[in-house]
Amino acid sequence: MALLDIKKAGAPVLKEICAPVDKIDAKLKRLMDDMAETMYEANGVGLAAPQVGIPIRLMVIDTGEGLFEFINPTIVKKEGSEIDTEGCLSVPQIFGEVERAAQVTVEFQNRRGKMQRITAQGLFARCIQHELDHLDGRLFIDIAKSIRRGDNE
Ligand code: ZN
């Protein structure tokens, strides 16, 4: 496995609408492994493929419930709303208050190509929405109600 370079705000790839993943092959699995390693090394809870310079619909998340790999994710149901603080590995030292759905149901493919559906709440739901935004070229600072600078949360 290898650590990947995390793109920072201003990089054009972070503004792209990412393309669907059409083939789940060894190369994609290696990318998922490398993304997970990069996320853990950076103490992040989520990482989307465009953040490592690859504009495809792929993201990894671990908010403490284990590693989830999402290939071609789509949110099929949203419920409620919550405002909470977010940060992003591509926007270091910046935090913002962002309104998100409190609960989301997301469909995606796993690394065996099997369709999955999960319903998430709290931080996990927030992270899914944050990472999915990356796949549509959107950063949390584009939608935050307020933004502040800080060394940590
Ligand atoms: Zn982010």
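Values below: all heavy atoms of this structure, side chains included; hydrogens, waters and symmetry mates excluded. The first residue of the sequence shown is numbered 1, and numbering continues consecutively from there. Read the numbers this way: they start at 1 and go in the same order the structure lists the ligands and their atoms.
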Practice task
For the residue pair R100 and D133, establish whether any side-chain heavy-atom pair is separated by less than 4.5 Å.
Solution key: yes
Exercise for the section: Provide the closest heavy-atom pair for P50 versus C18 in the form atom of the first, atom of the second, distance. Expected result: CG-SG, 3.7 Å
Fill in the blank from the handout: Here the pair of heavy atoms bringing R57 nearest to P73 is O-CD, 3.8 Å
Problem - Atoms of type N/O/S from protein, distance to the Zn ion (ligand 1) below 2.8 Å - result: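 Near the Zn ion (ligand 1), the number of protein N, O or S atoms below 2.8 Å is 3.
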Completion exercise
Output for pair (N72 CG, D22 CG), nearest 0.5 Å, gives 8.5 Å
Handout entry: Short N-O contact, R30 and D25, less than 4.0 angstrom
Key =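 Salt bridge flag = no for D25 with R30.
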Practice task
Inspect the surroundings of CD in E99 and state if more than 12 heavy atoms from other residues, nucleotides or ligands are less than 6.0 Å away.
Solution key: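 Yes, because the 6.0 Å sphere around CD of E99 holds more than 12 heavy atoms from other groups.
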